[in-house]
Asker: 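Please see the structure below; I have some questions.
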Amino acid sequence: MKKKFLLILCLFTFLTNYAQFEKAIANTYIKRANNAIANGINYELAANYFEKAMARLDSITDKKTAILGSRIYFEIHHKQETLQQRLEYLKKSQSYFKHYNLLTTNKTTEEYQLNIDELYVPIIESIEKVEEEIKIEKELNRIKKLEKKKIDSLTEAWYNKSKLLKINVDTIFTFNKDNLALYKIDNYFGLINDEGEIILEANEYKDVLYFEGFFIFKNIKNNPTKLLSFNSTSKSSFEIPTISEFYNLSTHFGQVMLPRANGKLVTYPNNVAKPFVFDLNEKKIIEITNEKEILKNLDKADVITKYNNDGEVKINKEWYRFGGDLGGGLHPLYAEESYDLLGFLCAMEGKFLNAKDDFEFIGPFYNNRFEAKKGNSRFWIDQKGVELNDTEIEDNSYLGESIIEKLDDGSYQIKRNGFIILKDKKLEKLSDFINNNLK
């Protein structure tokens, strides 16, 4: 029993000594906290020392320590990042002041009243202010959440509306001066206007030529059997009759040249010794009715050596089948015993253009020039067969306000003046849609 008593006494003595030791250390930190305020008004440093002191004390028994803690936390509360942190510091300040109040026995002193006036009242006023700010902040956050929810809903609604204004094609090309553009889907070509209206479905023609206001659609790129003409200005179209309606042995249109502004189209069909010359405006074939007169005039002008009643002409020592007139005094010449195109006769100077060495195909005459092709190259020549330095370029610039935009999913939309448009439908841009509907 005696040993147990001595053990308890020793433990009590140790704990007492340790508590006094910790209190001594705490007093040192309290002193440093006071010095930090007195010497440099450094409340952040004072707070650091004060918290180290509090870590070594079980409770505050000195009113000066309590008022010190209250003042420190009050002075640094406004430097905290959030309103909630500021409120926590103010609550600590209030708590330490309440300790001070409990430890103060005489509440009639001037010092006590001064602490009430200059510290506690500002503490409770600041708490009220910060709590009100927190309340406002919470309300603003609530409103923002509601607004975000509505914005998210409007955004989803806009994207759903936007999907209905998509044009699901592979490619839309540039609009021309008549507000039309070629489009392509699954290797077929069609026409669309600058409001997104399909003018010609892309389901039959795999190649197309466009020049000087005319689109010529071909069912296949080489040797097409079907042609459709579309007048870009009048927005009218028609299917050119099959070539066999004009030439019994022909099965395809052969090489198709560029259409010209005068409505003339020239192709070189198979199994016939003349080109197919067609008037796209009159929708009819152009045939020579005065062939003998033309041949007679060529003979008189010594452009040819001789001609006969079978429509054959002799140039130097070679005989050719006369192939008609491309306009501008240019005449195709074919082989006597086959349908091979051998060249072209320039009536103006009697020059012979060899199909093998000069130009393989020549188009209709317009604006003092012909289109001529050799392989994949295109040239422009005059009536003498001389290549022109300038290139035939038409002013085909689009003057409208529609803009073609390709979307990430590969589809297209047409935009005009800040709206997505499709025929008679339109949708303002996302930000305007949200602002207009958020009100």
Asker: A side-chain contact here means heavy atoms from C-beta on lying under 4.5 Å apart; do Leu119 and Tyr100 qualify?
Answerer: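 The answer is no; the side chains never approach within 4.5 Å.
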Asker: Give a yes or no on whether the backbone of Phe97 and the side-chain of Asn101 come within a donor-acceptor separation of less than 3.5 Å.
Answerer: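 Judged by distance alone, no pair lies under 3.5 Å.
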Asker: Please check if atom NZ in Lys235 has more than 12 non-hydrogen atoms from other residues, nucleotides or ligands closer than 6.0 Å.
Answerer: yes
Asker: Can you tell me how the ring of Tyr247 sits relative to the ring of Phe276, calling it parallel under 30°, perpendicular over 60° and tilted otherwise?
Answerer: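 Because their plane-to-plane angle is over 60°, the rings of Tyr247 and Phe276 count as perpendicular.
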Asker: Could you tell me if the side chain of Pro275 sits less than 4.5 Å from the side chain of Tyr334, heavy atoms only?
Answerer: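 Answer yes - side chains close enough.
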Asker: State, with a plain yes or no, whether a side-chain heavy atom of Leu353 is found less than 4.5 Å away from one of Lys351.
Answerer: yes
Asker: Grab the two heavy atoms, one from Tyr183 and one from Ala202, that are nearest each other, plus how far apart they are.
Answerer: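 What the structure gives for the nearest pair is OH-N, 2.9 Å.
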Asker: So do Thr225 and Thr251 actually touch side chain to side chain, heavy atoms under 4.5 Å?
Answerer: no
Asker: Is there a side-chain contact between Tyr96 and Ile72 in this structure, where contact means two heavy atoms from C-beta onward sitting under 4.5 Å apart?
Answerer: no
Asker: Under 4.5 Å between any side-chain heavy atoms of Asp170 and Asp186, yes or no?
Answerer: yes
Asker: With a 6.0 Å cut-off (strictly less than), is the heavy-atom count around CG of Leu438, excluding the residue itself, greater than 12?
Answerer: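 Above 12, so yes.
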Asker: Side chain of Arg378, backbone of Lys373: donor and acceptor closer than 3.5 Å?
Answerer: no
Asker: Flag yes if more than 12 heavy atoms outside Asn316 fall under 6.0 Å of its CG atom; otherwise flag no.
Answerer: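 Atom CG in Asn316 is not packed in, count stays at 12 or less.
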Asker: So does Asn270 get a backbone contact from the side chain of Ser250, meaning a donor-acceptor N/O pair under 3.5 Å?
Answerer: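 Yes; judged by distance alone, with no hydrogens or angles, the pair exists.
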Asker: Do the non-hydrogen side-chain atoms of Asn160 and Leu164 ever get within less than 4.5 Å of each other?
Answerer: no
Asker: Could you tell me whether Glu156 atom CD has more than 12 heavy atoms of other residues or ligands within 6.0 Å of it?
Answerer: no
Asker: Is Asp279 salt-bridged to Lys264, cutoff N-O under 4.0 Å?
Answerer: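 So Asp279 pairs with Lys264 through a salt bridge.
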Asker: For the CD atom on Glu81, are there more than 12 heavy atoms of other groups (residues, nucleotides or ligands in this structure) within a distance under 6.0 Å?
Answerer: no
Asker: For the pair Glu371 (side chain) and Leu258 (backbone), establish whether a donor and an acceptor sit closer than 3.5 Å, ignoring hydrogens and angles.
Answerer: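 Answer holds: yes.
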Asker: Give a yes or no answer on whether the side chain of His252 reaches the backbone of Pro224 with a donor-acceptor pair at less than 3.5 Å.
Answerer: no
Asker: Taking the side chain as every heavy atom from C-beta outward, state whether Lys145 and Lys148 have any atom pair closer than 4.5 Å.
Answerer: no
Asker: Where does the angle between the aromatic ring planes of Tyr205 and Phe217 fall among parallel (under 30°), tilted (30 to 60°) and perpendicular (over 60°)?
Answerer: tilted
Asker: Output yes when a side-chain donor or acceptor of Arg416 lies under 3.5 Å from a complementary backbone atom of Glu401, and no otherwise.
Answerer: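 It does not hold such a pair.
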Asker: Looking at Glu239 and Lys226, would you say the former's side chain and the latter's main chain have a donor-acceptor pair under 3.5 Å?
Answerer: no
Asker: What about the rings of Tyr210 and Phe189, do their centers lie closer together than 6.0 Å?
Answerer: no
Asker: With a sphere of 6.0 Å drawn around NZ of Lys161, does it hold more than 12 non-hydrogen atoms of other residues, nucleotides or ligands?
Answerer: no
Asker: Would you call Asp207 and Lys221 a salt bridge, taking side-chain N to carboxylate O under 4.0 Å as the test?
Answerer: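 Not counted as a salt bridge, because no side-chain N and carboxylate O are separated by less than 4.0 Å.
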Asker: How far does CG of Leu228 sit from CD1 of Ile216, to the nearest 0.5 angstrom?
Answerer: 8.0 Å
Asker: Between Leu345 and Tyr320, does the side chain to side chain contact (heavy atoms under 4.5 Å, CB included) criterion hold? Intermediate values first, please.
Answerer: CA-CA 11 Å; Leu345 177 64; Tyr320 303 91; over 6 Å; no
Asker: Does a side-chain N-to-carboxylate-O contact under 4.0 Å join Lys150 and Glu147?
Answerer: no
Asker: Is the ring pair Phe361/Tyr268 parallel, tilted or perpendicular, if the boundaries are 30 and 60 degrees?
Answerer: tilted
Asker: I want to check a possible cation-pi pair here: Lys52 against Tyr49, using under 6.0 Å from ring centre and within 45° of the ring axis as the test.
Answerer: no
Asker: Using the ring pair (Phe, Tyr, Trp, His ring centres under 6.0 Å) rule, pick out the option among Phe379, Phe344, Phe365 that qualifies with Phe370.
Answerer: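 When Phe379, Phe344, Phe365 are each tested with Phe370, the ring pair (Phe, Tyr, Trp, His ring centres under 6.0 Å) holds only for Phe365.
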Asker: Just wondering, more than 12 heavy atoms not from Asn141 lying within 6.0 Å of its CG?
Answerer: yes
Asker: Around Lys218, counting heavy atoms of other residues, nucleotides and ligands shown, do more than 12 lie under 6.0 Å from its NZ?
Answerer: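 Yes, enclosed.
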